[in-house]
Amino acid sequence: MVVRLGQDRFHPISKTGSQMSPNGLGWIIVDSLDTLMIMNLTSRLSDARKWISRKLTYDQDQDVNTFEMTIHMLGGLLSAHYLASQLPDVSSRRDHVYLNKAVDLADRLLGAYESRSGIPYASVHWRTGRGIPWHTDGGASSTAEASTVQMEMKYLAHLTGKQKG
């Protein structure tokens, strides 16, 4: 068995992959973009970039964890965007695929920030854009997670000049 490009999980014993969402989100790809760039693995980076550009979509009918999506997916895309502008031979400075995907993702996560307390909901439903309280603990969200996700959102606001709130 072989893992297809874009699968979310890798199972090392069976050497297979699987998805965490109906169409896959490429967790492994996005989370490893910066490593591919730093190690100058340009052919693998080219395959990953092509998959992200052509296949990665956040237009899926599902709930996602605000914290995990922010630190892994949004953080991975923003790191790739930054490194693409800094490292020679990994990308063109005019290539905005990582930033465009980051903006799309962040826009879909905004519903999590529409809580009464101002602390983002633990999850958000992408299709509806509705924030979803944590299913346990009476709907409480982790303040540690809420604090951590600020870095990616503030950096994206800096890059785009857009502040939503």
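Residue numbers start at 1 and run along the sequence shown. In this text, all values refer to a predicted model and were calculated from it rather than measured experimentally.
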A.B. asks: What distance do W51 atom CH2 and S46 atom OG have between them, rounded to the nearest 0.5 Å?
C.D. replies: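 Here the rounded value is 15.0 Å.
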A.B. asks: Of L156, L74, L159, which is the lone residue that meets side-chain contact (heavy atoms from CB on, under 4.5 Å) with V103?
C.D. replies: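 The option that passes is L156.
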A.B. asks: The criterion is side chain to side chain donor-acceptor pair (under 3.5 Å); which residues satisfy it with T128, sequence neighbours excluded?
C.D. replies: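 Listed in chain order: H125.
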A.B. asks: Checking side-chain contact (heavy atoms from CB on, under 4.5 Å) for the pair K55/K50: CA distance, chi angles, key distance, verdict?
C.D. replies: CA-CA 8 Å; K55 304 271 184 169; K50 191 182 302 179; over 6 Å; no
A.B. asks: Measure across R116 and Y121 and return the closest heavy-atom pair with its distance rounded to 0.1 Å.
C.D. replies: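 Between these two residues, the closest heavy atoms are N-OH, 4.3 Å.
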A.B. asks: Under a 3.5 Å distance rule, please check whether T70 uses its side chain to pair with a backbone N or O of T66 as donor and acceptor.
C.D. replies: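 Confirmed, T70 side chain pairs with T66 backbone.
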A.B. asks: Please report the closest heavy-atom contact between L77 and A102, naming both atoms and the distance.
C.D. replies: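 Where L77 meets A102 most closely, the heavy atoms are CD1-N, 3.8 Å.
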A.B. asks: Quick one: do M69 and W27 satisfy side-chain contact (heavy atoms from CB on, under 4.5 Å)? Show the steps, please.
C.D. replies: CA-CA 9 Å; M69 289 306 297; W27 282 92; 3.3 Å; yes
A.B. asks: Inspect the surroundings of OH in Y82 and state if more than 12 heavy atoms from other residues, nucleotides or ligands are less than 6.0 Å away.
C.D. replies: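 No.
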A.B. asks: Quick one: does E145's side chain have a donor or acceptor within less than 3.5 Å of a partner on E68's backbone?
C.D. replies: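 No, E145 side chain to E68 backbone: no donor-acceptor pair under 3.5 Å.
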A.B. asks: Got I71 and E152 here, is their nearest side-chain heavy-atom distance under 4.5 Å?
C.D. replies: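 Contact flag for I71/E152 side chains = yes.
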A.B. asks: Could you give the distance from CD1 (I29) to CG (D31), rounded to the nearest 0.5 Å?
C.D. replies: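 Reported value, rounded in 0.5 Å steps: 11.0 Å.
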A.B. asks: Is there a donor-acceptor contact under 3.5 Å from the side chain of R127 to the main chain of D59?
C.D. replies: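 Flag set: sc R127 to bb D59 pair under 3.5 Å.
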A.B. asks: Locate the shortest heavy-atom distance separating S123 from A112; write the atom from each residue and the value.
C.D. replies: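 Here S123 and A112 meet closest at O-CB, 4.2 Å.
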A.B. asks: For the CE atom of M73 and the CG atom of L56, what is their distance to the nearest 0.5 Å?
C.D. replies: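 Those atoms lie 5.0 Å apart.
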A.B. asks: Can you name the closest pair of heavy atoms from S115 and P120 and give their distance?
C.D. replies: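 Heavy-atom minimum between the residues: OG-N, 4.3 Å.
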A.B. asks: Of L83, L33, V30, which meets side-chain contact (heavy atoms from CB on, under 4.5 Å) against Y98?
C.D. replies: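 Going through L83, L33, V30 one by one, the side-chain contact (heavy atoms from CB on, under 4.5 Å) with Y98 is satisfied by L33 alone.
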A.B. asks: Q60 and W126: which non-hydrogen atoms are nearest, and at how many Å?
C.D. replies: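 Answer, listing the atom of Q60 first, then W126: O-CB, 3.4 Å.
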A.B. asks: To the nearest 0.5 Å, tell me how far L110 CG sits from M153 CE.
C.D. replies: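 Rounded to the nearest 0.5 Å, the CG-CE separation comes out at 5.5 Å.
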A.B. asks: When hydrophobic residues are tied together by side-chain contacts of less than 4.5 Å, even through go-betweens, does L109 share a cluster with I119?
C.D. replies: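 Different clusters: L109 never reaches I119 through Ile, Leu, Val, Met, Phe, Trp or Tyr contacts under 4.5 Å.
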A.B. asks: Measure the CE-CZ distance between M37 and R44 for me, rounded to the nearest 0.5 Å.
C.D. replies: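 With rounding to 0.5 Å, CE (M37) is 15.5 Å from CZ (R44).
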A.B. asks: Rounded at 0.5 Å granularity, tell me how far OG in S32 sits from CD1 in I38.
C.D. replies: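 These two atoms lie 11.5 Å from each other.
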A.B. asks: For the hydrophobic clusters of this structure (ILVMFWY residues joined by side-chain heavy atoms under 4.5 Å, transitively), does one cluster hold both L45 and L87?
C.D. replies: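 Cluster IDs for L45 and L87 match.
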